[in-house]
Amino acid sequence: MALDKPYLDIPGTIIFDAEQSRKGYWLNQFCMSLMKADNRARFKADERAYLDEWPMTEEQKQAVLARDLNWCMRTGGNIYFLAKIGATDGLSFQQMAGSMTGMTEEEYRDMMIKGGRSPEGNRYLGEDGDAQPQHQPQGAAGKNKGA
Amino acid sequence: MAKISASVYTSHVPAIGAAIDLKKTGEAYWQPLFAGYEYSKEWMKENTPDVIFLVYNDHATAFSLDMIPTFAIGTAAEFIPADEGYGPRPVPKVIGHPELASHIAQSVIQDDFDLTIVNKMEVDHGLTVPLSLMFGEPDAWPCKVIPFAVNVVQYPVPSGRRCFQLGQAIRKAVACFDDDIKVQIWGTGGMSHQLQGARAGLLNREWDNAFLDRLIADPAGLSEVPHIDYVREAGSEGIELVMWLIARGAMSDIQGGPAPTVKHRFYHIPASNTAVGHLILENN
């Protein structure tokens, strides 16, 4: 019998379970290597060459080079591991989280100061909240879509 | 005999640590948050324990995907603050209490909780930010600390019920330690926050405050709340709140003692991506 996964019907959310962990093993272990200053310097000097030292998939490497954290997560990345890439780039956690929404840094920061994203309409897929697939990307990226 | 005197609950947002380290605590953005901990720092001065049993989670720092222990107890003599990618936080090293930690491990494992024993471990913001919030910026932490790391990174994390039961086993273990010392147990992490995906930035003031109410008055009922409710209502990283149930389970009212006194309660939105909650409960 398949395992119960009651968390697949939440919009805009990937739960890092054993399946994601298996898929993202080398991507996440690459991220861990960035906790050493020497490795951060080598990665910054030649990102592609550094990534090629790891048995990651080509898609995972592309996702890292693009700094597309949603793409990284779809390929098995976990946010606490991916945060090491952001730290290497000198980004705050707020900048990293915001980058996954399509909002500008300022838009995301303002949303948080105003009390954050409401859970209303964002609990189940199929509702109409701002985190639902039909409303992506949000903020400036959404307004510029198709322009 | 050793005794648990109080429990403390607080968020451990990394940006709070950065605000302290970069001397930004007086800025308009941060001032309301730190004001909420002024009482706590005074209370800590008058109620400094000998040891803090500090429940937190490691954020892919000491534990990569090489090893993912569900419950890990730090039995080392000291623990060094880790470089999480920005360089290590400029805070004192953490001095452990190997005798009490080993005693708790022996007792709790014999009570059927299969802890992982860790003799070498660096500690990240999950452990050091609560210490900074409660003690400010001393040259050395004024008491010993036993780090207790809970996996809340890879699903499934332990259930609220399991955490609550573990807290009860920890209380029993502390109560049969021969030295006459005062122990506090801290539960950290949360409150509502989501750091990933299109739903990043989710906060839930109503749910968080109901959680605080129930943690005080109905912890056994609260411990039955399933994971999915935390994720749906408090965000994917809001699941950290199960760790608060370990500390709550260690209070004496759970074993039939009198209800604890609520010395302090504070809630603030936002700290970076996160809703901050804080409680101090004293045993009677």
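Proteins get letters first, then strands, A, B, ... in listed order; numbering begins at 1 in each.
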Does any backbone or side-chain atom of [X] lie under 4.5 Å from a heavy atom of chain B? Answer side chain, backbone, both or neither.
X: M96(A); result: side chain
X: M35(A); result: both
X: M111(A); result: side chain
X: S92(A); result: backbone
X: S99(A); result: neither

Distance (rounded to the nearest 0.5 Å) between L202(B) CG and T13(A) OG1:
8.0 Å
R48(A)/D52(A) salt bridge by N-O under 4.0 Å criterion
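Answer for the salt bridge query: yes.
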I'd like to know if R214(B) and E224(B) make a salt bridge, using a cut-off of under 4.0 Å between side-chain N and carboxylate O.
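Looking at E224(B) together with R214(B), the answer is no, because their closest N to O distance does not fall below 4.0 Å.
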Sort out for me which of I15(A), T101(A), I14(A) touches chain B most, counting heavy-atom pairs under 4.5 Å.
I14(A)
Highest number of heavy-atom pairs under 4.5 Å with chain B: which of T88(A), I113(A), L34(A)?
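Most heavy-atom pairs under 4.5 Å with chain B: I113(A).
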Can you spot which of K36(A), K84(A), R40(A) makes a salt bridge (charged side-chain N to carboxylate O under 4.0 Å, His left out) with D83(B)?
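In the set K36(A), K84(A), R40(A), the residue that makes a salt bridge (charged side-chain N to carboxylate O under 4.0 Å, His left out) with D83(B) is R40(A).
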Which region of R232(B), side chain (C-beta onward) or backbone (N, CA, C, O), has a non-hydrogen atom less than 4.5 Å from a non-hydrogen atom of chain A, or is it both or neither?
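For R232(B), heavy atoms of backbone and side chain both lie under 4.5 Å from chain A.
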Select one option (side chain, backbone, both, neither) describing which atoms of T61(B) are under 4.5 Å from chain A's heavy atoms.
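T61(B) touches chain A through backbone and side-chain heavy atoms alike.
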Using non-hydrogen atoms and a limit below 4.5 Å, what part of residues 3-10 of chain A faces chain B?
P6(A), Y7(A), D9(A), I10(A)
Within residues 74-82 of chain A, the residues sitting under 4.5 Å from chain B by heavy atom, in sequence order, are N78(A), I79(A), Y80(A), F81(A)
Spell out, as yes or no, whether a donor-acceptor pair under 3.5 Å connects the side chain of H135(A) to the backbone of P133(A).
no
Keeping E105(A) on the side-chain end and Q95(A) on the backbone end, is there a donor-acceptor pair under 3.5 Å?
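Not at all, since once roles are kept as given, no pair shorter than 3.5 Å links the two residues.
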Ring pair (Phe, Tyr, Trp, His ring centres under 6.0 Å), paired with Y9(B), selected from W244(B), W186(B), Y267(B)
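Per the ring pair (Phe, Tyr, Trp, His ring centres under 6.0 Å) rule, the option paired with Y9(B) is W244(B), out of W244(B), W186(B), Y267(B).
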Could you check whether the rings of F135(B) and W141(B) sit parallel, tilted or perpendicular, using 30° and 60° as the cut-offs?
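F135(B) vs W141(B) ring planes: tilted.
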Taking atom CG of D66(B) as the centre, report whether more than 12 heavy atoms of other residues, nucleotides or ligands fall under 6.0 Å from it.
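Correct, the count exceeds 12.
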Cation-aromatic face contact R109(A)/Y29(B), 6.0 Å, 45 degrees:
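The answer is yes; both the distance and angle limits are met.
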